[in-house]
Amino acid sequence: MEPRGLRSLPPLMTTICAILALLIHGARCFYLPGVAPEDFVKGDELKVKVNKLTSTKTQLPYSYYSLPYCRPSKILDSAENLGEVLRGDRIENSPYVFKMLERKMCHTVCRLKLDAKIVKEFKEKIDDEYRVNMILDNLPLVVPRQRLDQESPTVYQLGFHVGLKGQYSGSKEERYFIHNHLAFKVKFHRDLQTDSARIVGFEVKPLSVKHKYEGKWNDEKTRLTTCDPHGNVNSNTPQEVEEKKEVIFTYDVEFQESDVKWASRWDTYLLMSDDQIHWFSIVNSLMIVLFLSGMVAMIMLRTLYHDISKYNELETQEEAQEETGWKLVHGDVFRPPSNSDLLCVHVGTGVQFFGMTLVTMIFAILGFLSPSNRGGLMTAMLLLWVFMGLFAGYASARLYKMFKGTEWKKTAFRTAFMFPGIVSAIFFVLNALIWGQKSSRAVPFGTMFALVFLWFGISVPLVFVGSYIGLRKPAIEDPVKTNKIPRQIPEQAWYMNPAFSILIGGILPFGAVFIELFFILTSIWLNQFYYIFGFLFLVFIILIVTCAEITVVLCYFQLCSEDYLWWWRSYLTSGSSALYLFLYATFYFFTKLEITKFVSGALYFGYMLIASYAFFVLTGTIGFYACFWFTRLIYSSVKID
């Protein structure tokens, strides 16, 4: 079926959209959940697990039992991977236990008496709009919300609010109310041959109900007068959060048969609320970038062909002396730059990031990193980063040997420690702030030790192994000889000023990704699923092309104006897109988020600073290698006496 919004597009754009649709649909629906489907028959026990409390206003998750909710006799932690711990997930058992296909109405869980401390805790979480997250059969609990357009499909929000604020009719005083009655709905798909069922949906409708009962309280045996004989709640009075009052937690559970098959049960969870905007943004971005790429490639090919033909046709020395342009700097163009060892370190780190990003995206497209595999994406990225240290060491050593460097161990050491060291310093500061807030996002000591082991025990040795292998390879030979005395660089036009050209160079790569960046930021900071890895891979390819092309073009103009200091400028030209990324993240913070607390703001800008630095080394390395290939190609194509 053709996606909405495509019917009015021209045939070419429709074709491109159809290709994108296949990639996106494939990335969304084909996934390997990591667990085999579980079959249930009537009466089987269904155990609901509780996860963290989350808020988009504070970005600080807390354990479910950090609030005095009803507890089972013994709290058990579920097995967690490294990514889950870093995300702040704390999956534990709960007192909510169902029987498959057995309806249960107004079932009492526990009673809680409110004192000043408990009231304060609940009110703080309600003020910060915290949501409670639960899991059943690896499916997250969602609250269905119907869009204003009745024809549009239902939107699902992860988790339910701890409570809400409101006023009684005729009163202006704001009150706090807690969601103490949960109406669960478990959707299942029946296998007609075996009469077993698989769970395909887990929904809830949270309610605030002031329960009443007669006589003395006798745990779960006490009959609630707010529930009729059929178990339906018949009270319209909400449960207020107030000192010396008591709260009775109850729940319903009903089962609904669904046509959705187990393999497609995540599809409804991944619906986006602004799909038309997303589609047109995709097409718009792709068209602009492809058009610019085509123009750049055409101009470069024609101009270079003309230049090389003209230079090779020069017959006399006098004619050669009259010529100007990039050929005149052939004796200096491969002169090692200042701080060449630092450039080698950054290039090696960029190669490490490029390898990690590429392999992660391939795994994601194949479905190994679906949303059902909680923490899988972060775990995969960490492990791939560690093992890509081999390529980081190799790349930095090869470049360092070409620059005729002698202290390869020092360069390898800096490659292994510079980027991770900066990131670790920021991470430790942020983690200390989070510890102070007693959030579940604070990394435990055991996990911290595991991260340090991955760095020192695996990544660092691999960087040195890669450096050793790179040094054993023969040095890369320059296509032309370098003069002993550096050539004087003539005065440059204002538009060839390094700062100006570097800042201009970062606009196009950022323009290729900023629309997709919005959806990525939304998934990270607004607790939504990101799943369009097929399109993200296309955007990544476009990013590579644009970084390479804009760097090559500006490098060509630089050489034509007889400025041969291209090494660092090629890296910074495409790498400057990271500056625009951070500025956009700042704009997103003030326009889309409602963060007011200092720790939450520090957390956001700290992590976005790390992301921007990573984007800098990635795009900078792509631009550097494109320019490196380009200069070697053109100077090996002309006759140099």
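When side chains are defined from C-beta on, I426 counts as touching L609, because their heavy atoms get closer than 4.5 Å. Counting heavy atoms from C-beta outward, T225 and E214 have side chains that approach closer than 4.5 Å. Within the 4.5 Å cutoff, the side chain of V513 has heavy atoms near those of the F615 side chain. Between F184 and E254, the closest side-chain pair of non-hydrogen atoms is not below 4.5 Å. Here the side chains of V143 and Y156 are not in contact, with every heavy-atom distance at 4.5 Å or above. Counting heavy atoms from C-beta on, the side chains of K205 and K185 never come closer than 4.5 Å. Taking the side chain as every heavy atom from C-beta outward, C106 and L224 approach each other to under 4.5 Å. Here the side chains of F202 and I135 are not in contact, with every heavy-atom distance at 4.5 Å or above.
Between the side chain of R71 and the backbone N or O of Y65 there is at least one donor-acceptor pair closer than 3.5 Å. With hydrogens and angles disregarded, a donor-acceptor distance shorter than 3.5 Å links the side chain of T360 to the backbone of M356. For the pair K52 (side chain) and R87 (backbone), a donor-acceptor distance under 3.5 Å is present. A donor-acceptor contact shorter than 3.5 Å is absent between the side chain of N93 and the backbone of K49. Between the side chain of S55 and the main chain of Y130, no donor-acceptor pair closer than 3.5 Å is present. S612 places a side-chain N or O within 3.5 Å of a backbone atom of M608 that can act as its donor or acceptor partner.
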Worked check of side-chain contact (heavy atoms from CB on, under 4.5 Å) between L82 and M378: CA-CA 8 Å; L82 189 59; M378 191 173 291; over 6 Å; no
Intermediate values then yes/no, side-chain contact (heavy atoms from CB on, under 4.5 Å), V132 and Y69: CA-CA 11 Å; V132 179; Y69 280 120; 3.6 Å; yes
Verdict with reasoning, V241 to F177, per side-chain contact (heavy atoms from CB on, under 4.5 Å): CA-CA 5 Å; V241 180; F177 304 99; 5.8 Å; no
Trace of the ring-ring contact (aromatic ring centres under 6.0 Å, His included) decision for F188 with F40: CA-CA 10 Å; F188 65 94; F40 298 95; over 10 Å; no
Evaluation steps, side-chain contact (heavy atoms from CB on, under 4.5 Å), between T54 and N133: CA-CA 8 Å; T54 55; N133 294 280; 3.1 Å; yes
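Each of V142, L141, L158 was evaluated against M134; a single residue qualifies, L141, per the side chain to side chain contact (heavy atoms under 4.5 Å, CB included) test. Exactly one of L182, V209, I178, T108 qualifies for a side chain to side chain contact (heavy atoms under 4.5 Å, CB included) with F249. That residue is I178.
Applying the side-chain hydrogen bond (donor to acceptor under 3.5 Å, both in side chains) test to T250 and every residue at least two apart in sequence or in another chain returns H181, H211. Contacts of D127 classified as side-chain hydrogen bond (donor to acceptor under 3.5 Å, both in side chains), with partners at least two apart in sequence or in another chain: K165, Y176. For N527, there are no side-chain hydrogen bond (donor to acceptor under 3.5 Å, both in side chains) partners two or more places apart in sequence or in a different chain. Take N431 and apply the side-chain hydrogen bond (donor to acceptor under 3.5 Å, both in side chains) test, not counting sequence neighbours, and it matches no residue.
The CG atom of L521 lies 9.0 Å from the CG atom of L526; values are rounded to the nearest 0.5 Å. To the nearest 0.5 Å, atom OH of residue Y613 and atom CD1 of residue I610 are 11.5 Å apart. Remark: M361 CE to M381 CE distance equals 8.5 Å, nearest 0.5 Å. Rounded to the nearest 0.5 Å, atoms CH2 (W262) and CG (D39) are 10.0 Å apart. R145 contributes atom CZ, which lies 5.0 Å from atom CD of Q157 (distance to the nearest 0.5 angstrom). The CG atom of L603 lies 7.5 Å from the CD1 atom of I595; values are rounded to the nearest 0.5 Å.
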Sequence neighbours left out, cut at 3.5 Å: what donor-acceptor pairs do the side chains of residues 582-589 make with other protein atoms?
from, atom 1, to, atom 2, distance (Å)
T586, OG1, F582, O, 2.9
Y588, OH, T522, N, 3.4
Y588, OH, T522, OG1, 3.0

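Looking at every heavy atom in both residues, F160 comes nearest to V204 through CD2-CG1, 4.1 Å. Taking all atoms of both residues into account, the shortest heavy-atom contact from S439 to L60 is OG-C, 3.7 Å. Of all heavy-atom pairs between L433 and A602, the closest is CD1-CB, 4.0 Å. Nearest heavy atom pair, residue S63 against residue E92, reads OG-OE1, 3.6 Å. In terms of heavy atoms, W266 sits closest to N138 at CZ2-O, 3.6 Å. In terms of heavy-atom proximity, V97 sits nearest to S94 at CG2-O, 4.2 Å.
Pairs passing the salt bridge (Lys or Arg N to Asp or Glu O under 4.0 Å) check and including a residue from residues 97-115, sequence neighbours excluded, read R111-E246.
Other residues, nucleotides and ligands place more than 12 heavy atoms under 6.0 Å from the CZ atom of F427. For Y168, the OH atom is densely surrounded, since the number of other residues' heavy atoms within 6.0 Å is greater than 12. Remark: F514 CZ is loosely packed, at most 12 non-hydrogen atoms of other residues, nucleotides or ligands lying under 6.0 Å away.
R441 and Q59 are not linked by any side-chain donor-acceptor pair at a separation below 3.5 angstrom, with hydrogens and angles left out of the test. When only modelled atom types and interatomic distance are considered, Q239 and K210 share no side-chain donor-acceptor pair under 3.5 Å.
A salt bridge links E173 and R175; the closest N-O separation between the charged side-chain nitrogens and carboxylate oxygens is under 4.0 Å. With respect to E38 and R198, no salt bridge is recorded, no charged nitrogen being found less than 4.0 Å from a carboxylate O. A salt bridge does not link D128 with K57: every distance from a Lys NZ or Arg NE/NH1/NH2 to an Asp or Glu carboxylate oxygen is 4.0 Å or more. Residues K47 and D137 are not paired through a salt bridge, judged by the lack of any N-O separation under 4.0 Å between the basic side chain and the carboxylate.
Between Y251 and F98, the gap from one ring centroid to the other is short of 6.0 Å.
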